[in-house]
Structures are given as structure tokens and as C-alpha cells.
Amino acid sequence: MAKTQLNVRVDEDTARAARERALARGMSVNRYIEELVRQDAGETGHTFVEAAADFMKQYESVFVEEFGAEHEGRR
């Protein structure tokens with residue numbers, strides 16, 4: 001999907017909060033704001049699935065280490 005740049009002005013406290021919350025979630029401020037807008041627009045399910053997929057990809061090695069490769073793909 002093509003991206004469009006938006007420039008917004010917010011007070012420093014709002015900017016700081018956005019940076020801190022994005023950092024805590026391990027994502028860019030851009031992605032954090034994009035997800036907030038999607039949630040507000042009713043795309044929460046899609047956003048959740050993307051976040052879950054990112055989480056699983058990021059921690060795949062931890063799951064394999066904990067549960068073993070033989071459990072990969074099982075339900």
C-alpha cells in the first residue's frame with residue numbers, strides 16, 4: 001500500500017507520550033500513530049493480527065527454545 005506523509009503539530013507532552021508508548025511497544029512513532037487511527041476507524045481486528053504476527057516473529061526462537069521444534073505448527 002502506498003504511503004502518504006502527514007505533518008501534524010502537537011504539544012511537547014503529547015509528542016513525548018507518543019514516543020514513549022511507541023518505544024514501549026517496540027515500534028516506530030509512525031506505526032504507533034497509524035495503529036491508533038486504524039483502531040479508531042474500526043480496523044482493530046486487522047491491527048491485532050498484525051501485532052500478534054510481529055510478536056510471534058520476534059519471539060519465535062524463544063518459543064522454539066521453550067517448547068522445542070517438534071511443537072512448531074501444532075495446534
Side-chain angles (χ1 to χ4, degrees):
M1 177 187 302
K3 299 283 186 173
T4 299
Q5 182 174 339
L6 298 176
N7 296 312
V8 298
R9 294 188 185 275
V10 297
D11 60 67
E12 187 54 41
D13 289 339
T14 301
R16 185 180 305 112
R19 288 185 200 106
E20 290 172 357
R21 292 173 189 265
L23 180 63
R25 288 169 175 75
M27 62 179 63
S28 68
V29 172
N30 184 70
R31 177 141 185 214
Y32 174 69
I33 299 299
E34 191 173 17
E35 287 191 12
L36 288 177
V37 172
R38 282 185 180 158
Q39 288 173 5
D40 191 50
E43 296 183 20
T44 304
H46 179 71
T47 301
F48 173 79
V49 170
E50 280 185 350
D54 287 348
F55 174 84
M56 292 302 293
K57 189 182 299 179
Q58 184 176 358
Y59 291 99
E60 178 181 16
S61 63
V62 175
F63 288 109
V64 169
E65 183 178 314
E66 178 70 23
F67 301 106
E70 68 274 4
H71 293 288
E72 286 184 86
R74 289 191 186 176
R75 296 175 191 236

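For this chain, numbers begin at 1 and follow the sequence in order.
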Transitively linked via ILVMFWY side-chain contacts under 4.5 Å: [X] with [Y]?
| X | Y | result |
| --- | --- | --- |
| Val37 | Val8 | no |
| Ile33 | Val10 | no |
| Met27 | Val29 | yes |

Taking atom CD as the centre, does Glu12 end up with more than 12 heavy-atom neighbours from other residues, nucleotides or ligands that are less than 6.0 angstrom away?
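It does: Glu12 CD has more than 12 such atoms within range.
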Would you find a donor on one side and an acceptor on the other, under 3.5 Å apart, between the side chain of Arg38 and the backbone of Glu34?
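Between the backbone of Glu34 and the side chain of Arg38 there is no qualifying donor-acceptor contact (under 3.5 Å).
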With the threshold set at 4.0 Å, does a side-chain nitrogen-carboxylate oxygen contact exist between Arg16 and Asp13?
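So Arg16 pairs with Asp13 through a salt bridge.
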Could you give the distance from [atom1] ([X]) to [atom2] ([Y]), rounded to the nearest 0.5 Å?
| X | Y | atom1 | atom2 | value |
| --- | --- | --- | --- | --- |
| Glu50 | Arg31 | CD | CZ | 5.5 Å |
| Gln5 | Asn30 | CD | CG | 9.0 Å |
| Glu35 | Arg25 | CD | CZ | 9.0 Å |

With side chain to side chain contact (heavy atoms under 4.5 Å, CB included) as the criterion, how do Arg21 and Leu36 come out once you've worked through the C-alpha distance, each side chain's angles and the decisive distance to 0.1 Å?
CA-CA 11 Å; Arg21 292 173 189 265; Leu36 288 177; over 6 Å; no
Considering non-hydrogen atoms only, spot the tightest contact between Ala18 and Tyr32 and give its length.
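Smallest heavy-atom distance, with atoms named: O-CD2, 3.9 Å.
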Evaluate the ring planes of Tyr59 and Phe55, with Trp represented by its six-membered ring, and classify them as parallel (under 30°), tilted (30 to 60°) or perpendicular (over 60°).
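Ring orientation of Tyr59 relative to Phe55: tilted.
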